[in-house]
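Numbers restart at 1 for each chain; the letters A, B, ... are given by sequence-line order, proteins then strands.
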Amino acid sequence: MPPVDPLRSYVEVGLTLNLEALLQDRLAPALEAVAGHPVDPAVRSSPHADFQSGAALALARELGRPPREIAAEVAAKTDLAGVAEIAVSGPGFLNLTVSDSLLTEALRRIAADDRLGVPPVAAPERVVIDYSGPNVAKEMHVGHLRSTIIGDALARMLEWLGHDVIRVNHLGDWGTPFGMLVEHLIDRGGAGDHSIGDLTAFYQAARVKFDTDDDFRTRARLRVVALQSGDPVSRELWRNLVAQSERYFLDVYARLGVTLGPDDFAGESGYQADLDGIVAELGEKELLAESDGALCAFPEGFTGRDGAALPLIVRKADGGYGYAATDLAALRHRIGRLGADRLLYVVGAPQRIHFEMVFAVARAAGWLPDGVTAEHIGFGSILGSDGKMLKTRAGDTIKLARLLDEAVTRASAPAVGIGAIKYADLSGDRRGDYVFDWDRMLASTGNTGPYLQYAHARVRSLFRKAGTGSGTVTVTEPAERDLALVLLGFEPAVTAAAERAEPHRLAVHLHELAAAFSVFWERCPVLRADGAVRASRLGLAALTARTLQTGMSLLGIEAPEEI
RNA sequence: GCGCUCGUAGCUCAGCGGAUAGAGCAACGGACUUCUAAUCCGUCGGUCGUAGGUUCGAAUCCUACCGGGCGCGCCA
């Protein structure tokens with residue numbers, strides 16, 4: 001009798017190779033037959049079996065029957081031939097145990113697929129991701145770390161899933177500080193060759209003069225006007241500052257292993273020519289009101305102190321433009337010119353209200369049409385061991401370059417140190433704060449980057465010694481079965497992480513995979529096994545290595561061959 | 001004052017409507033003639049901030065309160 005292939009029809013319809021989804025599909029007709037209308041099968045992973053469904057429980061009241069009786073009827077009417085064992089359990093759960101034949105067939109399929117069973121999305125979107133966004137003439141510091149790491153992970157995941165990703169590095173390259181900086185540069189004798197290290201001191205020196213020297217302050221203000229009106233000398237000096245800073249940022253990105261490149265810079269200065277038009281258009285649509293000399297939008301539903309309407313200041317009382325105007329212009333550009341279907345702003349949690357207001361005003365103005373979504377991907381702060389915002393002992397902000405230096409010094413290799421920092425940032429829910437702790441993030445055990453890298457290096461070591469290839473995978477030992485189930489959970493993990501912009505869903509899954517592999521490694525000798533068992537285990541190992549490597553690369557974490 | 005957000009094991013965190021709440025660290029006890037022990041196994045450890053409410057069923061949803069963080073007009 002030929003072996004059944006329960007997956008064939010399923011996969012051929014274009015459905016993802018996802019056990020949970022497969023079981024849902026099998027359960028749904030039976031549930032509908034019993035309930036008389038469509039019912040969510042609510043298949044979840046379970047501590048009592050591979051998966052469980054609690055759907056019968058929810059139906060009990062409606063049908064006026066005991067849940068166990070309903071569950072039994074659903075079980076009897078469900079066609080699970082070759083797919084799973086089903087059993088009524090507890091108060092009325094359906095326990096589902098996937099058959100070994102399905103498991104091995106599913107593994108065979110993802111092993112033969114260079115995308116590990118994760119098809120490109122059916123409807124690709126153009127996704128514009130705004131992340132990193134450092135300031136010109138300032139060194140990057142820990143405050144830029146999360147946006148850069150999280151944004152890059154999202155860009156990698158969405159791109160891999162087939163979306164058309166446009167990375168946007170919204171550089172702080174404009175505004176009043178540049179009058180001060182350019183003026184200081186002139187005081188110093190024009191555009192010399194300043195390294196960025198000099199530029200940090202340079203910025204601070206300019207700041208001090210601005211705060212203490214009335215004459216300088218006046219000149220700085222005039223310089224802003226000159227710069228903004230296109231004065232060639234001022235522009236040239238400003239360009240020099242921008243160019244130096246961009247070189248420095250690219251250097252940091254290279255060290256961090258971030259995919260932002262020279263073409264991704266899109267400074268705020270680029271929108272200056274659009275700002276008059278933004279105001280004019282908002283005015284025409286009667287979305288602006290004057291308040292204390294400033295032009296403001298008052299989107300509905302936002303209140304501040306005393307319950308008064310909260311303003312979004314589009315043009316300041318002095319006639320200058322603030323960030324709200326620039327953000328609106330950038331949003332309009334990303335949708336109108338870049339053709340975005342989805343906008344992501346990977347910016348810290350404190351700016352949440354600001355972005356909600358910008359989105360609300362953009363909706364009202366018609367710049368953000370119904371089919372396009374805009375999301376603020378907020379994240380919490382990095383805290384020191386004292387529970388407060390991470391600072392140096394002296395209370396200064398920590399420079400990113402220093403942090404990376406220390407990571408490399410503390411770890412056995414740069415890839416390990418950098419990977420540890422990135423994994424620590426990506427492994428928890430991004431909305432929460434997290435405590436920065438070298439010892440914990442560099443630990444070789446636990447939910448850490450080094451643990452994943454170690455697991456990967458162990459698998460890879462097998463292939464340097466194996467001499468033979470892998471063969472048909474069969475699962476017999478419990479550790480093999482557990483590993484197989486985790487391997488098949490890759491697609492749901494990647495999809496959930498990308499759709500919800502929550503990289504930790506993938507990170508946590510990779511940790512589960514590494515842990516399942518470690519158990520397999522302890523219990524199931526590979527190279528010391530013979531024949532078909534050895535070939536099968538090599539197959540599981542190969543799939544594990546590939547999944548770990550792919551998953552880690554989607555998070556932007558290196559997976560070295562040896563560690 | 002108003003708003004947002006967070007409060008889960010000693011510590012760091014998952015889980016966010018379903019069966020006795022899970023990991024890791026720390027503590028304690030085991031496993032190295034071994035494919036990388038940078039690992040694995042076991043034990044200990046929780047009235048899920050508090051009090052109500054909705055529900056057959058709540059850490060998960062709602063309300064109030066307590067505690068931490070952040071935001072609340074010309075900085076981004």
Side-chain angles (χ1 to χ4, degrees), chain A residues 42 44 46-48 52-55 57-58 60-62 67 89-93 95 133 135 170 172 174-177 268 291-296 302-308 310-318 320-324 326-327 347-354 356 378 380-381 383 385 387-389 412 416 424 427-429 431-435 437 439-448 450-451 453-455 457-466 504-505 507-508 511-512 514-515 517-529 534 537-538 541 562-563:
Chain A
R44 305 282 130 84
S46 167
H48 304 280
Q52 68 179 35
S53 164
L57 261 32
R61 186 182 177 78
E62 178 192 329
S89 168
F93 286 97
N95 282 354
N135 295 312
H170 193 70
W174 203 246
T176 47
E268 297 174 326
S291 175
D292 295 336
L295 286 177
C296 306
F302 296 89
T303 52
R305 247 183 260 280
D306 309 326
L310 204 55
L312 185 70
I313 298 173
V314 182
R315 197 177 73 190
K316 299 186 287 184
D318 67 3
Y321 293 107
Y323 50 90
T326 313
D327 282 338
V347 180
Q351 291 187 49
R352 175 178 167 159
I353 302 290
H354 166 70
E356 283 180 356
S381 306
L383 308 178
S385 51
K388 297 179 178 167
M389 300 270 280
S412 58
V416 176
S427 57
D429 187 324
R431 279 163 279 255
D433 297 341
Y434 79 91
V435 177
D437 180 337
D439 291 337
R440 186 163 40 248
M441 69 175 69
L442 284 166
S444 57
T445 189
N447 191 13
T448 69
Y451 179 81
Q453 290 173 326
Y454 179 67
R458 286 213 288 191
V459 202
R460 296 297 310 159
S461 76
L462 290 175
F463 299 100
R464 288 195 294 275
K465 299 172 183 171
H504 80 285
R505 292 186 183 277
V508 167
H511 175 251
E512 278 172 19
F517 176 76
S518 293
V519 173
F520 165 80
W521 177 276
E522 297 285 331
R523 305 269 168 84
C524 304
V526 177
L527 300 180
R528 279 182 277 122
R534 178 184 154 109
R537 288 179 180 171
L538 275 171
E562 294 178 61
I563 179 170

By side-chain hydrogen bond (donor to acceptor under 3.5 Å, both in side chains), which residues pair with [X], not counting sequence neighbours?
{"X": "Asp429(A)", "result": "Arg431(A)"}
{"X": "His511(A)", "result": "none"}
{"X": "Ser46(A)", "result": "Gln52(A)"}
{"X": "Ser89(A)", "result": "Asn95(A)"}

Given the [atom1] atoms of [N] and [M], what is the spacing between them in whole Å?
{"N": "C25(B)", "M": "C16(B)", "atom1": "P", "value": "23 Å"}
{"N": "U60(B)", "M": "A64(B)", "atom1": "P", "value": "16 Å"}
{"N": "A58(B)", "M": "G73(B)", "atom1": "C1'", "value": "42 Å"}
{"N": "U12(B)", "M": "G69(B)", "atom1": "P", "value": "15 Å"}
{"N": "G53(B)", "M": "G67(B)", "atom1": "C1'", "value": "23 Å"}
{"N": "U54(B)", "M": "C62(B)", "atom1": "C1'", "value": "7 Å"}
{"N": "G57(B)", "M": "C13(B)", "atom1": "C1'", "value": "27 Å"}
{"N": "G68(B)", "M": "G49(B)", "atom1": "C1'", "value": "11 Å"}

Sugar-phosphate only, base, or nothing, as touched by [X] at under 4.0 Å among non-hydrogen atoms:
{"X": "Glu562(A)", "result": "base"}
{"X": "Ala60(A)", "result": "nothing"}
{"X": "Ala541(A)", "result": "nothing"}
{"X": "Ser461(A)", "result": "base"}
{"X": "Leu383(A)", "result": "nothing"}
{"X": "Ser412(A)", "result": "base"}
{"X": "Gly90(A)", "result": "base"}

Per-pair stack call Tyr451(A) and A38(B), 5.5 Å, 30° =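 Stack criterion not met.
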
In whole angstrom, what separates [X]'s [atom1] from [N]'s [atom2]?
{"X": "Phe517(A)", "N": "C40(B)", "atom1": "CZ", "atom2": "P", "value": "11 Å"}
{"X": "Arg44(A)", "N": "G22(B)", "atom1": "CZ", "atom2": "P", "value": "17 Å"}
{"X": "Ile353(A)", "N": "G3(B)", "atom1": "CD1", "atom2": "P", "value": "11 Å"}
{"X": "Arg458(A)", "N": "C35(B)", "atom1": "CZ", "atom2": "C1'", "value": "9 Å"}
{"X": "Leu312(A)", "N": "G71(B)", "atom1": "CG", "atom2": "P", "value": "18 Å"}
{"X": "His511(A)", "N": "G22(B)", "atom1": "NE2", "atom2": "C1'", "value": "12 Å"}
{"X": "Asp437(A)", "N": "G24(B)", "atom1": "CG", "atom2": "C1'", "value": "13 Å"}
{"X": "Phe302(A)", "N": "G3(B)", "atom1": "CZ", "atom2": "C1'", "value": "11 Å"}

In dot-bracket notation, what is the pairing pattern of RNA chain B, taking Watson-Crick (N1-N3 plus N6-O4 or O6-N4) and G-U wobble (N1-O2 and O6-N3) contacts under 3.5 Å, with [ ] crossing and | for other strands?
-> (((((((..((((....[...)))).(((((.......))))).....(((((..]....))))))))))))....

Taking C-beta and beyond as the side chain, do Arg534(A) and Arg528(A) meet within less than 4.5 Å on heavy atoms?
-> no

Are any of the side-chain heavy atoms of Asp327(A) and His170(A) separated by less than 4.5 Å?
-> yes

For Ser518(A) and Tyr454(A), test the side chains for any donor-to-acceptor distance below 3.5 angstrom and give the result as yes or no.
->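 Checked: Ser518(A)/Tyr454(A) side chains show no N/O donor-acceptor pair below 3.5 Å.
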
Quiz item: Gln52(A) side-chain donor-acceptor pair to A19(B) base, under 3.5 Å = yes

Is there a donor on the side chain of Asp439(A) or the base of A26(B) sitting less than 3.5 Å from an acceptor on the other?
->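 By the distance-only test, no, there is no pair.
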
By nearest nucleotide on RNA chain B, pick out whichever of Leu57(A) and Val519(A) is the more 5' one.
->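 Going by which nucleotide is closer to the 5' end, it is Leu57(A).
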
Does Arg61(A) have any side chain to side chain contact (heavy atoms under 4.5 Å, CB included) partners at least two apart in sequence or in another chain, and if so, which?
->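 Side chain to side chain contact (heavy atoms under 4.5 Å, CB included) list for Arg61(A), sorted by chain: empty.
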
Name all residues meeting the side chain to side chain contact (heavy atoms under 4.5 Å, CB included) criterion together with Ala58(A); count only those two or more places apart in sequence or in a different chain, and write none if there are none.
->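 In terms of side chain to side chain contact (heavy atoms under 4.5 Å, CB included), with neighbours along the sequence ignored, Ala58(A) is linked to no residue.
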
What nucleotide, of [options], holds the atom closest to the side chain of [X]?
{"X": "Tyr454(A)", "options": "A19(B), G18(B), A37(B)", "result": "A37(B)"}
{"X": "Ala58(A)", "options": "G18(B), A19(B), C41(B)", "result": "G18(B)"}
{"X": "Glu522(A)", "options": "C41(B), U20(B), U39(B)", "result": "U39(B)"}

Go through the structure and list residues passing salt bridge (charged side-chain N to carboxylate O under 4.0 Å, His left out) with [X], not counting sequence neighbours.
{"X": "Asp437(A)", "answer": "Arg440(A)"}
{"X": "Arg537(A)", "answer": "Glu480(A)"}
{"X": "Arg352(A)", "answer": "Glu356(A)"}

Is the shortest side-chain N/O distance from Thr445(A) to OP1 or OP2 of C25(B) below 4.0 Å?
->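 Answer is yes, contact under 4.0 Å.
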
Pairs under 3.5 angstrom, nitrogen or oxygen only, protein versus nucleotides 11-15 of chain B, please.
from: U12(B); atom 1: O2'; to: Arg440(A); atom 2: NE; distance (Å): 3.4
from: C13(B); atom 1: OP1; to: Val435(A); atom 2: N; distance (Å): 3.4
from: A14(B); atom 1: OP1; to: Asp429(A); atom 2: N; distance (Å): 2.7
from: G15(B); atom 1: OP1; to: His504(A); atom 2: NE2; distance (Å): 3.1

Which protein N or O atoms sit under 3.5 Å from an N or O of nucleotides 73-76 of chain B?
from: G73(B); atom 1: N1; to: Ser291(A); atom 2: OG; distance (Å): 2.8
from: G73(B); atom 1: N2; to: Ser291(A); atom 2: OG; distance (Å): 2.8
from: C74(B); atom 1: O2; to: Ala317(A); atom 2: N; distance (Å): 2.8
from: C74(B); atom 1: N4; to: Asp292(A); atom 2: O; distance (Å): 3.0
from: C75(B); atom 1: OP2; to: Lys316(A); atom 2: NZ; distance (Å): 3.3
from: A76(B); atom 1: OP2; to: Tyr323(A); atom 2: N; distance (Å): 3.3
from: A76(B); atom 1: O3'; to: Glu268(A); atom 2: OE1; distance (Å): 3.4
from: A76(B); atom 1: O3'; to: Glu268(A); atom 2: OE2; distance (Å): 2.1
from: A76(B); atom 1: N7; to: Tyr323(A); atom 2: OH; distance (Å): 3.1
from: A76(B); atom 1: N6; to: Tyr323(A); atom 2: OH; distance (Å): 2.5
from: A76(B); atom 1: N3; to: Gln351(A); atom 2: NE2; distance (Å): 3.4

Please check if the side chain of Asp318(A) supplies one atom and the backbone of Gly320(A) the other of a donor-acceptor pair under 3.5 Å.
->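 Present.
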
Judged by atom type as modelled, is there a donor-acceptor pair below 3.5 Å linking the side chain of Ser53(A) to the main-chain atoms of Ala55(A)?
-> yes

